[in-house]
Each structure stands twice: as C-alpha cells, then as structure tokens.
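Let me begin by presenting the structure, written as structure tokens, before commenting on it.
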Amino acid sequence: MINITFPDGNVRQYAEGTTALDVAKSISEGLARVVLAASINGEVRDLSRPITSDSTIVFHKWDDKEGKQTYWHSSAHLLAEALEALYPGTKFGIGPAIDNGFYYDVDTGDRVLTPADFSKIEQKMLELARTKSEYKRTEVSKADAIKYFTEKNDEYKLELIDGLEDGQITFYQQGNFTDLCRGPHIPNTENIKAVKVLNLAGAYWRGDIERKQLTRIYAITFPKQKELEEYLVMIEEAKKRDHRKLGQELELFMFSEKVGAGLPLWLPKGTALRQRLEDFLKKEQIKRGYQPVITPHIGSKKLYVTSGHWEKYGADSFQPIRTPQEGEEFLLKPMNCPHHCEIYGYRPRSYRELPVRFAEFGTVYRYEMSGELHGLTRVRGFTQDDAHLFCTEDQLKDEFLGALDLTRFVLAKLGFDKFTAQISLRDPENKSKYIGTDEVWEKSERAIIEAAAEAGLTTTTELGEAAFYGPKLDFMVKDALGRSWQLGTIQVDYNLPERFELEYVGSDNAKHRPVMIHRAPFGSLERFVAVVIEHTAGNFPLWLTPEQAVVLPISDKYLDQSRKMLELLKESDIRASVDERNEKIGRKIRDAEMAKTPFMLVIGEKEAEAGTVAVREHGQGDLGTMTPAQFSELVKARIDQQLKRN
RNA sequence: GCCACUUUAGCUCAGCGGUAGAGCAGCUGAUUCGUAAUCAGCAGGUCGAGGGUUCAAAUCCCUUGAGUGGCUCCA
C-alpha cells in the first residue's frame, strides 16, 4: 500500500500501482469525469500512469492552467491526426499548447493550406474526437523511434529524436496517429467537444531563419460548445479595443502610403492626448532634478561609429544622408544617447555636479523590417521619453532606484496595475553580439539585479535580451489581445562612457569614468499611447482625454447661450466644443456617446434661462442640472480622483 | 526580410470575366426638436499602382506599394 497526500493535507492509502484516475474515482465519479491530468509529486502526468510510491496528488481540471495546457496539447495531437487523415504525407514539427489554444507546425509539401480548409479540418477533428480514442503512452527505444519515423519519412521528428537520450523517449498514440511526445495527455479524445481553427502563419523550423519555413496552424478547443462561442465573442470584443481601429474612429492618428510605412501622422486629437502625456512627464522630471536638452534629428556618421551603432546596425538602417561635400555623411538618429554623451563631454565635469540627468523627448528613426510594423506599437519613426543619467559608481544604485520609482509612478498614474518587470541579461553563449568587457557586463548586470531586488520588484530574467551595450530592466504590458509589449525601460551602461571617453574629476583630483543610465518610463510615446488606447478602450482618463465635454444645444435658439457656456468652460480650463449641427438632441447625444466624450452638457429653454447645463456622463446617463461652477468642480474632483491612485 | 491572407466612395462592406452598388459620413433644403440615429434631394470611385491574357478585366495571371495574422528581428 502507498500513501497519497491530497492538497488539503488529507492522506489516504491505495494499492501500489493505482492510477490518478482510480484515485479520482475513489473520491467521486463526478471528479473522475472532469479531471484531465494530475500532478504527482509536482510533476504533471497522465491520469493512467501507475503511482508506485508515496506521493502527493493534485488533480487538474479544465479550470486550472495545467488542465488547460494538457487539454490543448492533446488537442494538438488531434489536429495532427486530422491533418494526416486529410492530407496524407504531411510532415510534423512541433505542436505545443499556448496561452490560448495550441498550434502545430506542419510541412504540407506542395499543398498550400488556406482558411478555406479550416472547416474541413474542424469537422475532421470533431469526427475523430467522437471515436473516443484513448491517448496511449508507450516508452520506446531510440532505435525503434528512429525506425518508426524513418519509415514515416518525417525528418523533423527524426531531428528531434536525435537530440533525445535513449530511455527517455515516449510515444503517444490516439486513433491512427502516433507522435513523439513527452506528454502528458488527457485520457480520451471524447473530452474535446468544440474546435476552432483560428489562423495560419509561417514559422521557421526551430526558430531559425536559415531553415525551412513550416506552416503553423493555430487552433483552440473546448469541452463545451458554449465555451467556444464565449471565447469567440471575447476575441471580437478585444478587437473593438484595437488601437488601430480606435485611433481611426477617434481621429487620433493615421498612416499614409505616400509618407511611408511605419511613419505615423498624429491628428489634432491624438496630438492633444500625446502632448498631455508629455507635459505630465516633463513636469514630474523637472521635480526630480532632470535637465531638458534638445538635439538634432541627424548626426554625423562618425558619431555612430564612435558609439558602435554603425558597426552593429549600419547595414540594416536607413542609409546615410549625403551632402554636396565629398565624403560627408549623416545618419537619421536611431537613438539619443550619443548626442547626450556629447553634451556631457562638452566641458570637464566635477564629481560635485553628478549625477546629471539630461532629458529629451527625442524622435528617432529605425528601419524596422516591413513585416514587423504594427500600428503605433512598432513604427519606423517614434519619440522616446528619453533621458541619460551620468553618475559615479557610488551613485549608480540610487539613480537606478530613482528611475525605477519614476517608471512605477508613471504606470500607476495611468492605471496600469498589471505589468511584468523583466531583467534582460546578456546571452553568455553568444558574447559577440555585445560590446564591452566581461567585467563591465558583470558589474552592470549585478547593479540591475540588486537594485530591482532592493526595490521589492517581482521580476523575471531573460538571457540574451539585453541591449548590445548593456543589460536592461524592461516593463512589459499586454495589449487587448494579450500580446506583450515592452514599455518602460531602464538600462545600465558602462560601455558608451568608455567609447566617448567621458570623465569627471573626483574629490581625489583624479579623472574617473562616469556610469550611464538610459531610461524611458513610457518607452515611446507611440507605443505608450497605443497601449493606453487598448487598456481604456478609448475611454481615456479625464485629465488626458482630448475633449472633456461637448455642449449640446437643443435647437438653434440656444446657440448663443451654448457659445457663452463654452467660454465659461474654457475659463475653467475645461476642453470642450459646441455641437452646432441642426440635429435633434437624441442624435447629438448618440454621436457624443460614440465619440466617447466624457461629459455632454445639454442646453435648452430651462438651462438658457437659468444659466445652467443639464449634465450627462458618458456611459452613465443624466447627472442632473448644474451651474457652470458646479460642473467645473465635478471635473476637477474627477481628475483629482483619477490622479490620486498610486 | 519570410509564409499566408487582404486591398472597391471619407468609413463599413457587396459585386468575383460583359463597361461600378448599398448603408453610414458629407453637401443642399425642409424641420427648431429635451437625453443613443428627423425627412427629402444631391454629390462622391481611372475598383492601391504598373504590366499582361481576353472581343471584353474590379473580377484571371505577373511585378510592386500598403495593411492583417504569425515567424524572425527589436539600439
């Protein structure tokens, strides 16, 4: 007999070799029907694997992450089985579960799959699921595994097997499909009741751009049809929040084929929004001892040869601008740091003036690959809320913590409570991608790790994600569809001060090298605004929104009074306009609601006589009649409330 | 950059070999109205661009721009 310990601490005895499914059944038939996998001593396993020693057990159902992952991974095998049935000769790469569903990378030879094939694939998957096939696990020798996939002529699986050790190889089979797989899987295909093939994409085999591109088929499955329908509705709702759609509808920004891909044009309303963000941060930076500077949009090529950017990115960038002068070349600036380094170095610096903090909303141009461009989140010309802090090594930690605090302050004021902080370090396997010595890198990386820990920040760590000149702490926020974007960034850099030979004179009257911190709390205005749009669905905080109120006269008779009201609002610094169209009030309200204008101020006979407005709030309805002073107080109170949260 | 798809009026879309259509927006007029669409009329497009096939191309083919979903990349 063995002891099985349950999550609540309860211990029960079972025969040795019992399975998790048996244990579930011993608790209730109901549990046994819905359980998908089980963690035995912390390892997620098939329900049918025998348990041979004292163990802890946690059951995984559809409602937990492990349950869903197992379910979707098994669904990927079902997709593969369907593809093999429909398109014999298809070769298979990998087919993992992802956050929402799963994919399988396949090589369909000369056949090109299109969305027209989706329903056929879905039908086949459902048909196969209804055969109630078990997922059967078998351990195979490496030789047998190689033999099987050699006969099947699947070079991708053979390559995967090549990287595995003999004795660790398992196959899973359901129906007529056998796959190389570590598992675990759900017990039976019958649990898969609803299927949706979502989209197709190309994906390089093993993520290597040099290798063949396979077709990646994304799909999702559910135990109930209703859940699939709810998911599809959710996706549709998320698409309504897309910043590209809202940016057009709310007239915030546009792109022009003639201007060029990835070069956004900010419309008046978008500019109003963006400038408020800029003003907000500029004011805060002044408070925190930053000094604004301004530098040109181009710089001599020599500047970037010095910084190392030319060597690193020159060939893949916007190419140099030539002048009538032979041999003279300028680059559109891809970043502001070299310019700021020159400002630091224009005269000798004393330790007494450090740290210095140069801040600039600097517009930079980077030739991103065409396939990378994505609305405002990935563009070729964008403005960083950049600043470079030059300090002594002793000051490094405090300066880093200060930048960290500012970044968190900015995110909090804009209502981003869900973000992840990622420490991006050098890839120790591929040091040639970076400039600078090991010693300098180790110092920089240690500084970031220690400062983040000291600030009590929960972080993840990614190797190989560092900038070429130094490690970074990045703040990542998700968009409406769950895609992660890097916003704020703080980077420690020992390298550029070295390359630009920056110095300060210490208290010992000797020359020393300062350390540099690059930091941008928004990251870029473009990306930040995009993410703000998606988070708020266009219902911006009152202090940020381009237009706070619109005055709606009931008819032409009240136009004069409405215009007077607008003047009063302007005196109270409320951004507003009058809807002077000859339309019914219902129409004006509808349009204002659709434009997401926070307040609608209706003026008819009663209000005109009393000098008041009937206030309606977006999404809330009628708030009653107010004097202009009362309304102005209401707006101020709302703004204070929105800015108070931390 | 790579794979797949998309590209028709300001916007959303229909038309998919026989010489361009709707709704909304716009303009003009009527209406002067109380909390999510007043009525009528008018105007608006070399069907992203360039080639080709055909008696005939928005429609089929090729090249190319832009966009979408991914991959790769991201100073």
Side-chain angles (χ1 to χ4, degrees), chain A residues 98 103 105 112-116 198-218 239 242 244-245 248-249 251 254-262 304 307-310 312-314 316-317 333-338 364-375 377-380 384 386 424 433-435 465-470 472 474 481 483 485-486 489 491 493 496 518 527 552-559 582-595 600-607 614-619 621-623:
Chain A
I98 52 178
Y103 66 79
D105 283 348
V112 177
L113 291 176
T114 72
L198 296 168
N199 47 49
L200 293 169
Y204 300 109
W205 172 233
R206 309 206 106 174
D208 186 344
I209 195 163
E210 302 295 327
R211 306 197 63 178
K212 180 158 182 170
Q213 197 158 38
L214 305 181
T215 304
R216 179 165 295 178
I217 305 176
Y218 287 88
K239 283 182 183 163
D242 190 311
R244 293 165 298 193
K245 183 175 161 64
Q248 182 185 58
E249 286 172 5
E251 299 191 314
M254 62 169 283
F255 289 91
S256 150
E257 222 175 284
K258 280 206 193 82
V259 172
Y304 302 100
S307 70
H309 290 100
W310 175 253
K312 194 79 196 158
Y313 295 102
D316 301 320
S317 290
K333 78 174 167 190
M335 51 178 3
N336 304 299
C337 8
V364 296
Y365 299 90
R366 300 177 184 177
Y367 191 74
E368 304 292 357
M369 289 194 290
S370 58
E372 296 307 326
L373 302 176
H374 183 100
T377 51
R378 194 74 185 273
V379 287
R380 284 176 171 166
Q384 295 178 310
D386 213 356
S424 302
K433 276 170 68 181
Y434 312 93
I435 58 172
E465 294 288 312
F468 79 96
Y469 50 76
K472 320 187 276 181
D474 292 330
L481 284 172
R483 291 175 292 216
W485 295 98
Q486 180 207 307
T489 181
Q491 313 175 359
D493 186 356
L496 287 185
H518 310 240
R527 186 177 285 178
L552 309 178
I554 296 265
S555 78
D556 290 356
K557 288 184 202 160
Y558 313 108
L559 262 180
N582 177 7
E583 293 288 352
K584 288 187 175 174
I585 193 66
R587 174 55 181 273
K588 292 182 183 180
I589 284 174
R590 180 185 149 83
D591 288 347
E593 287 282 353
M594 304 243 288
M600 288 146 271
L601 309 178
V602 177
I603 294 185
E605 190 178 353
K606 279 177 292 187
E607 292 78 13
V615 180
R616 181 187 161 105
E617 185 170 7
H618 170 71
D622 201 345
L623 298 186

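Protein chains get the first letters and strands the later ones, always in sequence-line order, with residue 1 at the start of each.
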Rounded off to whole Å, could you give me the [atom1]-to-[atom2] distance for the [X] and [N] pair?
{"X": "A:Glu583", "N": "B:A40", "atom1": "CD", "atom2": "P", "value": "14 Å"}
{"X": "A:Met594", "N": "B:U35", "atom1": "CE", "atom2": "P", "value": "19 Å"}
{"X": "A:Arg587", "N": "B:A37", "atom1": "CZ", "atom2": "P", "value": "9 Å"}
{"X": "A:His618", "N": "B:A36", "atom1": "NE2", "atom2": "P", "value": "14 Å"}

Could you give the distance separating [M] and [N] at their [atom1] atoms, to the nearest angstrom?
{"N": "B:C42", "M": "B:G21", "atom1": "P", "answer": "15 Å"}
{"N": "B:C73", "M": "B:A66", "atom1": "P", "answer": "23 Å"}
{"N": "B:G65", "M": "B:G48", "atom1": "C1'", "answer": "7 Å"}
{"N": "B:U8", "M": "B:G45", "atom1": "P", "answer": "15 Å"}

Contact class for A:His518 (heavy atom, under 4.0 Å): base, sugar-phosphate, or nothing? nothing
Side-chain heavy atoms of [X] within contact of [Y], under 4.5 Å:
{"X": "A:Lys333", "Y": "A:Tyr304", "answer": "yes"}
{"X": "A:Lys588", "Y": "A:Pro553", "answer": "yes"}
{"X": "A:Tyr365", "Y": "A:Arg380", "answer": "no"}

Listed nucleotide nearest any side-chain atom of A:Lys584, set B:A66, B:G1, B:U38: B:U38
Output the single nucleotide from B:G65, B:C74, B:A37 whose closest atom is nearest the side chain of A:Glu257. B:G65
Complementary nucleotide for [N] - Watson-Crick or wobble, under 3.5 Å:
{"N": "B:A9", "answer": "none"}
{"N": "B:U59", "answer": "none"}
{"N": "B:U19", "answer": "none"}
{"N": "B:G34", "answer": "none"}
{"N": "B:A40", "answer": "B:U28"}
{"N": "B:G48", "answer": "B:U64"}
{"N": "B:G69", "answer": "B:C3"}
{"N": "B:U53", "answer": "none"}

Looking at the base of [N], is there any donor atom on it, or on the side chain of [X], that sits under 3.5 Å from an acceptor on the other one?
{"X": "A:Glu465", "N": "B:C74", "answer": "no"}
{"X": "A:Tyr204", "N": "B:G1", "answer": "yes"}
{"X": "A:Gln248", "N": "B:G10", "answer": "no"}

Stepwise, does the side chain to side chain contact (heavy atoms under 4.5 Å, CB included) test hold for A:Ile435 with A:Phe468? CA-CA 6 Å; A:Ile435 58 172; A:Phe468 79 96; 3.7 Å; yes
Before giving the answer on side chain to side chain contact (heavy atoms under 4.5 Å, CB included), spell out for A:His618 and A:Met600 the whole-Å C-alpha distance, their side-chain angles and the decisive distance to 0.1 Å. CA-CA 7 Å; A:His618 170 71; A:Met600 288 146 271; 4.3 Å; yes
